[in-house]
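Values reported hereafter were calculated over all heavy atoms of this structure, with side chains retained and with hydrogens, waters and symmetry mates removed.
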Amino acid sequence: LFPPHKHIYQTICHFLLQRPVFDFHDVPMFYGMFCSSDLYFKQDQNWLLEILCVAVRDEIDYKILTRRHVLPHCFSQISCHNLDKHTLKLINKLLRKVFSIKSVKVQNDLADLGITAID
């Protein structure tokens, strides 16, 4: 998964070893990694965003993101004054993936939030 010398190795292994079953209907460790106060919080946050960018494909994935309030957290990061360009690029990529989901529910939910397109 990761070489043991990487910072994230201990975090991921601890998570995987403390649960007998992996829940595929959840965004594991989202709050812990996205809202971390750890010294390596930016690495954790970007790693998680990269995984989400690859993982989001359909309405089921969108529902999982919605249940964990992932999109509002991403939107709140956009307004932060210390957001770096790489993280902004990953957030935009994730939002584009969500917008690419061809689902009436997804489009209606986004329209309810006042979001109609991402430039």
Which pairs would a plain distance check flag for residues 78-85, meaning a side-chain donor or acceptor within less than 3.5 Å of a matching protein atom at least two apart in sequence or in another chain?
from  : atom 1 : to    : atom 2 : distance (Å)
Ser79 : OG     : Ser76 : O      : 2.9
Asp84 : OD1    : Lys42 : NZ     : 3.3
Asp84 : OD1    : Thr87 : OG1    : 2.8
Asp84 : OD2    : His86 : N      : 3.2
Asp84 : OD2    : Thr87 : N      : 3.0
Asp84 : OD2    : Thr87 : OG1    : 3.2

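One hydrophobic cluster holds both Leu88 and Phe75 under the rule that ILVMFWY side chains link at heavy-atom gaps under 4.5 Å. Hydrophobic clustering (side-chain heavy atoms under 4.5 Å, transitive across Ile, Leu, Val, Met, Phe, Trp, Tyr) keeps Phe41 apart from Trp47. There is a path of hydrophobic side-chain contacts, each under 4.5 Å, that joins Leu95 to Ile60. Hydrophobic clustering, with ILVMFWY side chains joined whenever heavy atoms are under 4.5 angstrom apart, groups Ile64 together with Ile51.
Listed by chain and number, the residues in a side-chain contact (heavy atoms from CB on, under 4.5 Å) with Cys74 are Phe34, Leu49, Val70, Ile91, Leu94 (sequence neighbours excluded). Under the ring pair (Phe, Tyr, Trp, His ring centres under 6.0 Å) criterion, His69 pairs with no residue at all, not counting sequence neighbours. The side-chain contact (heavy atoms from CB on, under 4.5 Å) search around Thr66 returns Tyr62, not counting sequence neighbours. With sequence neighbours left out, the side-chain contact (heavy atoms from CB on, under 4.5 Å) criterion links Gln43 to His7, Tyr40. Residues satisfying the side chain to side chain donor-acceptor pair (under 3.5 Å) test with Arg68, not counting sequence neighbours, are Asp26.
Residues Ile101 and Asp61 are not in side-chain contact: their nearest non-hydrogen atoms beyond the backbone lie 4.5 Å or more apart.
Legend: salt bridge (Lys or Arg N to Asp or Glu O under 4.0 Å) pairs involving residues 45-54, not counting sequence neighbours: none detected.
At least one donor-acceptor pair under 3.5 Å links the side chain of Lys97 to the backbone N or O of Val56.
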